[in-house]
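By convention in this document, chain letters (A, B, ...) are assigned in the order of the sequence lines, proteins followed by strands, and residues within each chain are numbered from 1.
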Amino acid sequence: MTEYTTYDPSKVEKKWQTFWEENGTNEPDLDASERPFFNLMMYPYPSAEGLHVGNLYAFTGADIYGRFRRLQGDDVFEPIGYDAFGIHSENYALKVDTHPLELIPSNIANFERMLRAAGLMTDWSRTVDTTDPTYYKWTQWLFVQLFKAGLAEKKEAPVNWCPSCQTVLANEQVIGGLCERCDTPVEQQQLSQWFFKITDYAQRLLDNLDWIDWSETTKTAQRNWIGRSEGAQIRFPLRAESEEDEIVIEAFTTRPDTIFGATFMVLAPEHPLVPLIVTDSHRAEVKAYCETTATIDLVKRQKMDDQKKTGVFTGAYARNPASNEDMPVWIADYVLMGYGTGAIMAVPGHDQRDFEFAMEYDLRIAPVVCSQAMLSDSSDPASVELSLTEGAFVDCTSEEILINSDRFSGLKADEGGRAIVDWLAESGFAQSEVNFRLHDWCISRQRYWGPPIPIIYCDECGPQAVPEKDLPVRLPYVEDFRPTATGVSPLARVQEFYRTTCPECGGEAHRETDVSDTFLDSGWYFLRYPSTDFDDRPFDPARTRKWWPVHSYIGGEEHSVLHLLYSRFLTMVLHDLGHLESEEPYHRFRKHGLLIREGAKISKSRGNVILPDEYMTTFGADTFRMYLMFLGPFQAGGDFRDGGLAGPQRFMHKLWDSVVKAVTAGRSGFDDEEVERALHATIKKVTEDLEGLDYNTAIAAMMDYLNVLRADGRTASLDEVRPLVILLAPVAPHISEEFWARLGGESSIFDYAVWPAYDPAKLLTDVLHLPVQVNGKLRATIQVVVGASQEVVKEIALTEENVTRHLAGGDIRKIIFVQDRMINFVVG
RNA sequence: GCCGGGGUGGCGGAAUCGGCAGACGCAUCGGACUUAAAAUCCGAAGGGGGGUAACCCCCGUGUGGGUUCAAAUCCCACCCCCGGCACCA
């Protein structure tokens with residue numbers, strides 16, 4: 001047994017990290033485990049700067065939960081990996097002018113060193129590196145499965161183009177119209193790309209949110225992102241000019257109730273019908289407008305809130321199928337091609353945007369909805385004089401009624417909408433429709449640092465998936481991996497890669513040169529962890545059945561919609577294809593909060609980044625872990641203040657002192673009822689709080705208990721201190737191992753300790769302090785026995801001078817008594 | 001604009017099935033130990049007022065109303081902060 005008598009975290013932590021490693025403490029036997037528990041944390045991108053405190057905050061929170069479950073008897077598997085492909089790595093490599101293939105291994109080594117120092121319960125025998133061909137072989141396999149299932153398609157689409165990064169960005173990578181990487185305004189470009197049809201799954205992805213056990217805020221974010229809206233698709237025939245074949249404009253609306261107020265139509269400038277319907281006299285003007293909009297990037301176009309609406313008339317007229325009136329057809333850039341049909345029926349009376357447009361171009365505004373209050377009893381809803389000058393009237397509840405809407409006038413707005421759709425549906429002009437904001441997932445990246453998309457193009461046979469036996473399609477070493485300004489991947493310059501033969505006909509063919517999105521790598525990594533020892537399958541069915549779905553997943557809210565939605569989608573697809581039993585990947589997901597420092601956001605530009613390495617060297621990993629979890633509620637985040645570390649640091653030293661003294665004294669059992677009661681209350685509190693990830697209050701409870709143990713210079717008994725050591729182990733694993741060993745336990749504490757149980761009977765006191773109120777104000781606190789009746793309590797309360805004094809003014813009209821809680825005298 | 005989260009001492013934060021506001025910790029002040037300092041230990045402390053004192057009174061959880069014997073907690077209106085979405089038809 002080591003003899004050091006003062007707490008030296010570096011010695012203790014080194015000792016136990018070595019022990020864990022030598023004894024394989026954190027490497028469960030995946031096949032023999034009886035109570036498998038898959039404890040997942042969001043794997044990091046291994047940046048050159050090393051482990052970020054935000055990573056460590058998340059990992060520590062997840063690790064504590066894993067260790068807690070393990071001490072409760074679960075076989076916990078807690079793996080880690082690296083999300084090392086993608087734009088982050090590539091941009092950094094470009095910046096320092098070093099090939100990513102050289103950069104990644106040293107970055108990963110650095111991360112591993114820091115992760116080990118942090119005392120995580122990581123199973124280092126099962127890590128994942130997305131840039132390893134043995135991993136991305138299966139990422140490509142996944143692409144092939146979707147391709148074969150018809151869920152991957154190539155389409156020409158307007159995409160976000162960052163002129164600085166020279167690459168296409170996903171919608172999610174555009175923040176407020178700017179590139180998330182370099183803040184350059186994003187432009188539009190037409191490129192042919194691979195998409196996954198996630199929109200086919202929109203409804204299921206939305207529906208399952210009702211039952212999966214996730215942080216509510218995360219579910220809300222996904223609901224917003226999916227953006228379901230109910231309405232109708234309505235057909236507007238073009239008024240026949242000279243063409244004989246009829247042209248119909250389809251528009252989606254959430255307000256079919258307002259159709260009698262639709263006085264004009266607006267198409268997006270990119271709408272394919274525009275060139276077909278424009279009349280000769282308007283052709284030049286329309287063409288000019290379209291050209292202008294095309295040069296305005298998406299940024300400006302979506303930031304036009306406060307600017308005047310612009311647009312031009314096409315010369316064409318459509319017919320309103322409800323009112324039979326003619327509607328001029330305009331084009332305007334406030335209508336977006338990417339949503340609905342790219343065409344709208346404009347109802348200026350009841351849509352603010354349409355209202356502004358109508359005011360600008362002097363188009364007719366026809367009110368068709370108003371509140372009940374606005375109508376006088378005698379007026380006929382079918383012909384109401386009403387003029388809107390201030391803005392559109394957008395309310396639509398059962399409080400509003402339809403007016404000037406032919407035979408639908410007088411109906412409640414919400415019911416009227418349904419009636420109108422039913423009526424128009426009879427003649428084929430409308431159908432109920434659901435629209436989603438969610439777009440298909442663009443997989444293609446015109447970049448170097450990613451898994452090549454496993455597709456071969458053959459002039460004879462068309463696009464072919466690379467046969468599975470030929471996977472992986474290795475990413476060739478390319479000296480000059482810079483992206484090009486032409487939107488063609490650097491891989492296109494590598495002839496040996498580019499030229500190949502068709503797997504179908506054996507003829508000349510060429511490879512797809514785009515690589516896939518990083519979110520595809522991270523969309524399935526959790527499936528790989530339990531199966532890293534199988535190189536002939538992505539995930540072993542038996543292993544997966546035993547360990548998956550993930551039991552606990554903890555991560556940042558920044559991934560609420562991207563990573564978490566994509567991984568749900570891929571899981572659903574694999575489920576449908578018969579590869580997985582569950583269609584949801586995680587039993588429980590909890591988001592953690594954001595760490596700030598001294599009230600300010602942490603950022604490199606502010607120069608207030610926290611270097612975990614430095615703090616762990618100074619204070620030890622245990623103290624640092626404890627402080628990170630103590631500074632605020634884990635799921636809400638908190639404020640990191642250097643001064644705050646002193647609290648946990650003192651706690652560790654005091655506990656060390658108490659344990660050493662308890663061991664020296666060697667006393668067992670309990671000789672103080674109050675202390676024993678405090679112990680049971682602490683066990684209850686800590687157990688409940690750890691389960692709910694309320695780490696800050698669990699730690700406060702342990703501090704409280706230690707204060708009880710040490711009150712008035714008291715020396716604790718072994719039995720008083722041992723349970724505390726076990727309760728502390730999830731938070732401060734190294735020092736707890738040391739204590740456990742000194743208390744005579746067999747190592748590791750995580751293998752041999754049993755989580756303490758509390759005895760509800762021991763929580764009860766026989767006397768308690770009861771507040772006595774007079775008219776709701778506290779006037780005294782009395783001691784009564786537990787369960788004392790109202791009569792008894794009243795009698796004792798009335799002996800209090802301060803109570804009687806306040807009662808003196810009048811009669812007791814009423815007594816409010818809550819047993820064992822309080823008594824309140826109401827006097828009049 | 002819409003959706004979500006939040007506003008509590010000098011500071012981080014506790015307490016929300018309505019029932020003693022401020023647990024735990026930081027910083028601060030006083031005391032002990034020390035030649036001294038650091039460390040450590042003990043104690044004080046929301047604000048205001050009264051009392052020699054034990055104590056007592058008033059005010060107090062973003063603002064203004066309301067419900068209730070009783071409100072940080074519930075209801076209504078508003079202000080501010082953080083995050084997400086946003087000309088989404």
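- For the P atoms, the distance from B:C56 to B:G65 is 30 Å, rounded to whole Å.
- Separation of the C1' atoms belonging to B:G18 and B:A72 is 11 Å when rounded to the nearest angstrom.
- Using a cutoff of 4.0 Å between basic side-chain nitrogens and carboxylate oxygens, A:Asp704 and A:Lys685 are not scored as salt-bridged.
- Rounded to a whole Å, the CD atom of A:Glu356 is 14 Å from the P atom of B:G1.
- In this model, the phosphate group of B:U40 is approached by a side-chain N or O of A:Arg650 to a distance below 4.0 Å at OP1 or OP2.
- Residue contacts shown for A:Asp704 are limited to sugar-phosphate atoms, with no base heavy atom under 4.0 Å away.
- Nucleotide B:G12 holds its C1' atom 12 Å from the OH atom of A:Tyr57, rounded to whole Å.
- Judged by atom type and distance alone, A:Gln773 reaches the base of B:G19 through a side-chain donor-acceptor pair under 3.5 Å.
- Going from atom OH of A:Tyr627 over to atom C1' of B:C24 covers 13 Å, rounded to whole Å.
- Closest-nucleotide positions on RNA chain B for A:Lys685 and A:Asn802 were compared, and the one nearer the 5' end corresponds to A:Lys685.
- In terms of modelled atom types and a separation under 3.5 Å, the side chain of A:Tyr627 and the main chain of A:Phe640 share no donor-acceptor contact.
- Comparing the P positions of B:U16 and B:C26 gives a spacing of 24 Å, expressed to the nearest Å.
- Here the separation of B:G66 from B:C17, taken at their P atoms, is 26 Å to the nearest Å.
- With P as the reference atom, B:A32 and B:G50 are 30 Å apart, rounded to whole Å.
- As judged by a 4.0 angstrom heavy-atom cut-off over every strand, A:Met703 is placed among residues touching the sugar-phosphate backbone only.
- The main-chain N or O of A:Gly692 is found under 3.5 Å from a side-chain atom of A:Gln635 such that the two form a donor-acceptor pair.
- Across all strands shown, A:Ile816 has heavy atoms under 4.0 Å from base atoms, whether or not it also approaches the sugar-phosphate.
- Contacts of A:Gly643 with the nucleic acid, taken as non-hydrogen atoms under 4.0 Å apart, involve only primed sugar atoms and P, OP1 or OP2.
- For B:C57, one of the phosphate oxygens OP1 or OP2 lies less than 4.0 angstrom from a side-chain nitrogen or oxygen of A:Arg779.
- Ranking B:G12, B:G4, B:G83 by closeness to the A:Asp639 side chain, first place goes to B:G12.
- As rounded to whole Å, 12 Å separates atom P of B:U68 from atom CZ of A:Arg813.
- Distance, A:Asp820 CG to B:C20 P: 14 Å, rounded to whole Å.
- Checked for salt-bridge contact, A:Lys219 and A:Asp210 miss the test: no charged N lies under 4.0 Å from a carboxylate O.
- Counting any heavy atom pair closer than 4.0 Å across all strands shown, A:His769 reaches a base atom.
- Heavy atoms of A:Asn707 sit under 4.0 angstrom from primed sugar atoms or phosphate atoms, though from no base atom.
- Using a distance-only test at 3.5 Å, with no hydrogens or angles considered, a donor-acceptor pair links the side chain of A:Asp354 to the main chain of A:Val347.
- Glycosidic conformation of B:G9: syn, with the torsion inside 90° of 0.
- The closest donor-acceptor contact from the side chain of A:Gln222 to the backbone of A:Ser560 lies under 3.5 Å.
- Taking the side chain as every heavy atom from C-beta outward, A:Thr258 and A:Met345 approach each other to under 4.5 Å.
- Separating the CD1 atom of A:Ile596 from the C1' atom of B:C11 is a distance of 12 Å, rounded to the nearest angstrom.
- Annotation: B:A21 and B:A14 have their C1' atoms spaced 10 Å apart (nearest Å).
- Mapping A:Arg353 and A:Gly647 onto RNA chain B by nearest heavy atom places A:Gly647 at the nucleotide closer to the 5' end.
- Residue A:Leu336 places its side chain closer to B:A89 than to any other of B:G19, B:G5, B:A89.
- Between the side chain of A:Arg255 and the backbone N or O of A:Val394 there is at least one donor-acceptor pair closer than 3.5 Å.
- Residue A:Pro633 is classed as a sugar-phosphate contact, given heavy-atom separations below 4.0 Å to backbone atoms only.
- Residue A:Arg437 has a polar side-chain atom (N or O) positioned under 4.0 Å from OP1 or OP2 of B:A86.
- A:Asp712 comes within 4.0 angstrom of no nucleic acid atom, judged by non-hydrogen atoms across all strands.
- Nucleic acid contact class of A:Asp354 (heavy atoms, under 4.0 Å, all strands): none.
- Between A:Glu674 and A:Arg677 there is a salt bridge, since a side-chain N of the basic residue sits under 4.0 Å from a carboxylate O of the acidic one.
- Using a 4.0 Å heavy-atom cutoff across all strands shown, A:Phe630 reaches at least one base atom of the nucleic acid.
- Whole-Å rounding puts the A:Ile823 CD1 to B:A70 P distance at 16 Å.
- For the C1' atoms, the distance from B:G9 to B:G62 is 15 Å, rounded to whole Å.
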>> Could you spell out the base pairing of RNA chain B as a dot-bracket line? Use Watson-Crick and G-U wobble contacts where both distances are under 3.5 Å, [ ] for crossing pairs, | for partners on a different strand.
In response: (((((((..(((......[....))).(((((.......))))).(((((....)))))..(((((..]....))))))))))))....

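- Between the A:His439 side chain and the A:Arg437 main chain, a donor and an acceptor come within less than 3.5 Å of each other.
- Between B:C81 and B:C87, the distance separating the two P atoms is 23 Å to the nearest Å.
- Counting any heavy atom pair closer than 4.0 Å across all strands shown, A:Lys591 reaches no nucleic acid atom.
- Not one side-chain nitrogen or oxygen of A:Asn696 sits closer than 4.0 Å to the OP1 or OP2 atom of B:G25.
- Between A:Arg714 and A:Asp712 there is no salt bridge, since no side-chain N of the basic residue sits under 4.0 Å from a carboxylate O of the acidic one.
- Regarding contacts with the backbone of B:A86, every side-chain N or O of A:Asn224 stays at 4.0 angstrom or more from both OP1 and OP2.
- When distances run from any side-chain atom of A:Ile344 to the nucleotides B:G12, B:A89, B:C69, the shortest one goes to B:A89.
- Not one side-chain nitrogen or oxygen of A:Lys219 sits closer than 4.0 Å to the OP1 or OP2 atom of B:G5.
- For A:His350, no side-chain nitrogen or oxygen approaches OP1 or OP2 of B:A89 to under 4.0 Å.
- The interatomic distance linking A:Asp642 (CG) with B:G12 (C1') rounds to 13 Å, in whole Å.
- Of all nucleotides listed (B:G5, B:C69, B:G12), B:C69 comes nearest to the side chain of A:Val826.
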